[in-house]
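Single-structure report; data block below.
What you see is a predicted model; the values in this text were computed from it and never measured.
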Amino acid sequence: MVHGHVAFGLRAVLNVSLVASRAAMTEPGRLQEYLQRLTPLARSNLLTELERLELGGAEIPGSAAVMETLRAEFRANGETQKRLANPVRHFFAPLEPLLVDGAPEHANWGRIQRGLLSALWEWISRDLLPTMARDYTKQVTDLIATDKQREARQAASAFQTKVVKSLENIIASPDNVAQIRGKLAAYTASPTAYDDLIKMLGALRARDALAKLDEALPAMFGRFEDDQVAKVTPLLDAFAKSHADQVPFALTLVANRLKTSWHLIRLATKAAPTKSVADVAATRYAIAVSMVLDRIEDKRLMLHVALKNERVLVAREILVEVYDTEYALRVRLDEFEESDWGRRLDRLMASIAELVESEVRRFPDNVGHVLGSRSLRSHQSLAGRATYWAWKGRDAVSEGVAFCKKMVGGPERSRA
């Protein structure tokens with residue numbers, strides 16, 4: 001039994017869910033009694049783990065009853081299960097703009113799972129630097145109690161540096177990496193915990209540069225058109241000169257300010273001489289295309305949960321965004337279908353189509369379903385087709401100019 005311990009790997013989740021299943025068949029109060037024997041942080045981690053597994057499509061017996069009980073508890077207390085203690089929040093503060101809610105356990109460039117922060121902190125404070133973490137926690141707690149916020153931030157920065165240096169030394173050995181993976185499994189069942197730990201390391205290395213970039217960017221982009229891209233690119237170029245490996249984090253800061261997520265690919269297409277996949281893939285910001293595909297995969301998981309909970313209108317909004325993004329990728333990049341990006345998109349859309357078809361099949365053939373409506377694909381409308389031909393016309397002119405410049409040895413700039 002886990003009881004007061006905060007670690008929640010898969011075995012612990014299954015253990016609690018087994019108790020829930022038995023309680024449902026005997027006495028409902030048994031579940032509440034069992035959960036109350038866990039610490040508040042352990043209950044928080046349990047809910048995070050169950051939500052992550054649900055979003056990934058796992059079927060855990062009894063999990064619905066556990067999640068309902070825990071969510072009711074946190075709502076009653078006016079809290080969320082993801083709230084961390086003050087010293088921990090200060091430590092992870094540089095990661096805040098890079099965090100993603102939910103459970104995207106796929107290649108998710110430039111983002112870190114918020115739900116894994118507790119598990120990462122447990123590993124840092126119990127396995128990596130237990131004595132230093134204990135001293136740091138006491139120091140920051142005392143500073144906050146006396147309203148010395150600046151000193152608390154300085155203490156957090158100093159401990160971040162210690163964690164970075166220690167982690168860099170440890171991961172240099174493959175044997176140590178295997179041990180880290182094993183230790184993390186005690187705190188979370190997520191298979192991407194180690195990957196997010198490495199992302200944390202990279203983000204903390206570049207925390208000052210990321211903060212400077214975050215401050216320099218505008219609060220929001222209305223439309224991410226040529227003039228905005230031209231202003232942002234020099235900022236990204238300056239960041240990339242000293243932090244090339246952390247470019248995905250920089251792109252996440254830009255993505256956070258976009259009203260339309262797929263517009264992020266314009267940073268890559270603008271830097272390429274043509275719209276061909278080969279030219280775009282050769283640019284510094286080619287990873288933006290993969291990041292947009294990551295967001296489609298996030299939407300696929302969200303769609304699964306929405307349909308499972310019969311939230312059809314939510315599913316409709318998700319599909320509209322997915323279809324718009326799919327269309328933009330296929331139109332804005334030439335030879336896209338034959339590329340690795342195109343093949344990944346095909347797999348994603350096939351999976352999404354299967355989810356939609358399963359939902360639509362629940363209804364008689366003569367009953368229309370909102371998820372089967374052609375209106376969800378706005379590009380098939382008259383206005384959408386007009387936009388398509390406008391894009392194509394502009395592309396033809398722009399690529400003709402780019403080709404001529406290339407032939408005469410002039411500067412190569414794209415206009416995608």
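The side-chain heavy atoms of Pro94 and Leu210, taken from C-beta on, include no pair separated by under 4.5 Å. Side-chain contact between Val312 and Arg316: absent, with no pair of heavy atoms (C-beta onward) separated by less than 4.5 Å. In this structure, Leu95 and Leu204 have side chains that are in contact, with non-hydrogen atoms separated by less than 4.5 Å. Two residues are said to be in side-chain contact when any heavy atoms from C-beta on lie closer than 4.5 Å; Leu253 and Leu217 meet this criterion. Proximity of Ile352 to Leu319: side-chain heavy atoms (C-beta onward) are separated by under 4.5 Å at one or more points. No side-chain heavy atom of Leu264 sits less than 4.5 Å from a side-chain heavy atom of Val289. Taking 4.5 Å as the limit, every side-chain heavy atom of Leu303 sits out of range of all side-chain heavy atoms of Val322. Here the side chains of Ile296 and Leu329 are in contact, with some heavy-atom distance below 4.5 Å.
Taking CD of Gln139 as the reference point, atom CD1 of Ile144 lies at 10.5 Å (rounded to 0.5 Å). Remark: Phe92 CZ to Ile124 CD1 distance equals 5.0 Å, nearest 0.5 Å. Put simply, CG on Leu251 and CE on Met291 are 5.0 Å apart, with the number rounded to the nearest 0.5 Å. To the nearest 0.5 angstrom, Ile287 atom CD1 is 4.5 Å from Trp109 atom CH2. For the atom pair Asn176 CG and Ile171 CD1, the distance stands at 10.0 Å (nearest 0.5 Å). Put simply, NE2 on His90 and OG on Ser157 are 11.5 Å apart, with the number rounded to the nearest 0.5 Å.
Ring geometry for Trp121 against Phe159 counts as perpendicular: the plane angle is over 60°, on a 0 to 90° scale with 30° as the lower cut.
Without hydrogens or angle criteria, Ser339 side chain to Phe336 main chain gives a donor-acceptor distance under 3.5 Å. Distance alone, capped at 3.5 Å, places no donor-acceptor pair between the Ser166 side chain and the Val163 backbone. At distances below 3.5 Å, at least one donor-acceptor pair connects side-chain atoms of Thr141 with backbone N or O atoms of Thr137. In terms of modelled atom types and a separation under 3.5 Å, the side chain of Gln160 and the main chain of Phe91 share a donor-acceptor contact. The backbone N or O of Leu143 sits less than 3.5 Å from a side-chain atom of Thr146, completing a donor-acceptor pair. Without hydrogens or angle criteria, Ser290 side chain to Ala286 main chain gives no donor-acceptor distance under 3.5 Å. With Asp346 contributing its side chain and Glu337 its backbone, the two residues share no donor-acceptor pair below 3.5 Å. The backbone N or O of Thr252 lies less than 3.5 Å from no partner atom in the side chain of Arg111, so there is not a single donor-acceptor pair. Remark: side-chain polar atoms of Tyr187 are not paired, donor with acceptor, to backbone N or O of Ser118 under 3.5 angstrom.
For Asn108 against Asp294, the heavy-atom pair with the smallest separation is CA-OD2, 3.3 Å. For the residue pair Leu120 and Ala193, the shortest heavy atom distance occurs at CD2-O, 3.9 Å. Among all heavy-atom pairs drawn from Gly222 and Lys259, the shortest one is O-CD, 3.8 Å. Residue Leu348 comes nearest to Arg300 through the heavy atom pair CD2-NE, 3.9 Å, listed as atom of the first residue, atom of the second, then distance. Here the shortest heavy-atom pairing between Leu307 and Ala315 reads CD2-CB, 3.8 Å. Of all the heavy atoms in Pro87 and Val140, the pair that sits closest is CA-CG1, 3.8 Å.
Between the side chains of Thr188 and Ser190, no donor-acceptor pair is found at a separation under 3.5 Å. Under 3.5 Å, the side chains of Asp279 and Ser276 contain a donor-acceptor pair of N or O atoms.
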- Task: Tell me, with the steps shown, if Phe224 and Val254 meet side chain to side chain contact (heavy atoms under 4.5 Å, CB included).
- Result: CA-CA 10 Å; Phe224 200 48; Val254 176; 4.0 Å; yes
- Task: Could you check Arg284 against Asp237 for salt bridge (charged side-chain N to carboxylate O under 4.0 Å, His left out), going step by step and ending with a plain yes or no?
- Result: CA-CA 9 Å; Arg284 173 180 280 171; Asp237 289 345; 3.3 Å; yes
- Test log, rule side chain to side chain contact (heavy atoms under 4.5 Å, CB included), inputs Ile112 and Leu116: CA-CA 8 Å; Ile112 298 169; Leu116 282 181; 5.8 Å; no
- Query: Given the rule in the side chain to side chain contact (heavy atoms under 4.5 Å, CB included) test, do Lys162 and Tyr136 qualify, once you have shown the distances and angles that lead to the verdict?
  - Reply: CA-CA 11 Å; Lys162 294 175 183 177; Tyr136 161 76; over 6 Å; no
- Message: Show, in sequence, the C-alpha distance, side-chain angles and deciding distance for Tyr323 and Met349, and conclude whether the side chain to side chain contact (heavy atoms under 4.5 Å, CB included) test is met.
- Response: CA-CA 9 Å; Tyr323 291 151; Met349 296 310 298; 3.9 Å; yes
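Look at Arg114 and Glu96 and you find a salt bridge, because one of the NZ, NE, NH1 or NH2 atoms lies within 4.0 Å of a carboxylate O, short of that distance. The pair Glu297-Arg344 meets the salt-bridge criterion, since a charged nitrogen lies less than 4.0 angstrom from a carboxylate oxygen.
Atom CE of Met132 sits in a sparse spot, with 12 or fewer heavy atoms from other residues, nucleotides or ligands closer than 6.0 Å. Annotation: Glu310, atom CD; neighbour count of heavy atoms from other residues, nucleotides and ligands within 6.0 Å does not exceed 12. Within 6.0 Å of the CZ atom in Arg330, the count of heavy atoms belonging to other residues, nucleotides or ligands exceeds 12.
Applying the side chain to side chain contact (heavy atoms under 4.5 Å, CB included) test to Ala158 and every residue at least two apart in sequence or in another chain returns nothing. With sequence neighbours excluded, the residues that form a salt bridge (Lys or Arg N to Asp or Glu O under 4.0 Å) with Lys138 are Asp142. For Tyr194, the ring-ring contact (aromatic ring centres under 6.0 Å, His included) test picks out no residue, with sequence neighbours left out. Among residues two or more places apart in sequence or in another chain, the salt bridge (Lys or Arg N to Asp or Glu O under 4.0 Å) test is passed with Arg343 by Asp340.
Evaluation of the salt bridge (charged side-chain N to carboxylate O under 4.0 Å, His left out) test over residues 183-212, restricted to residues two or more places apart or in two chains, returns Asp127-Lys183, Glu168-Arg205, Asp196-Lys199. Judged as a salt bridge (charged side-chain N to carboxylate O under 4.0 Å, His left out), the pairs with a partner in residues 246-257 (not counting sequence neighbours) are, in order, Asp214-Arg257.
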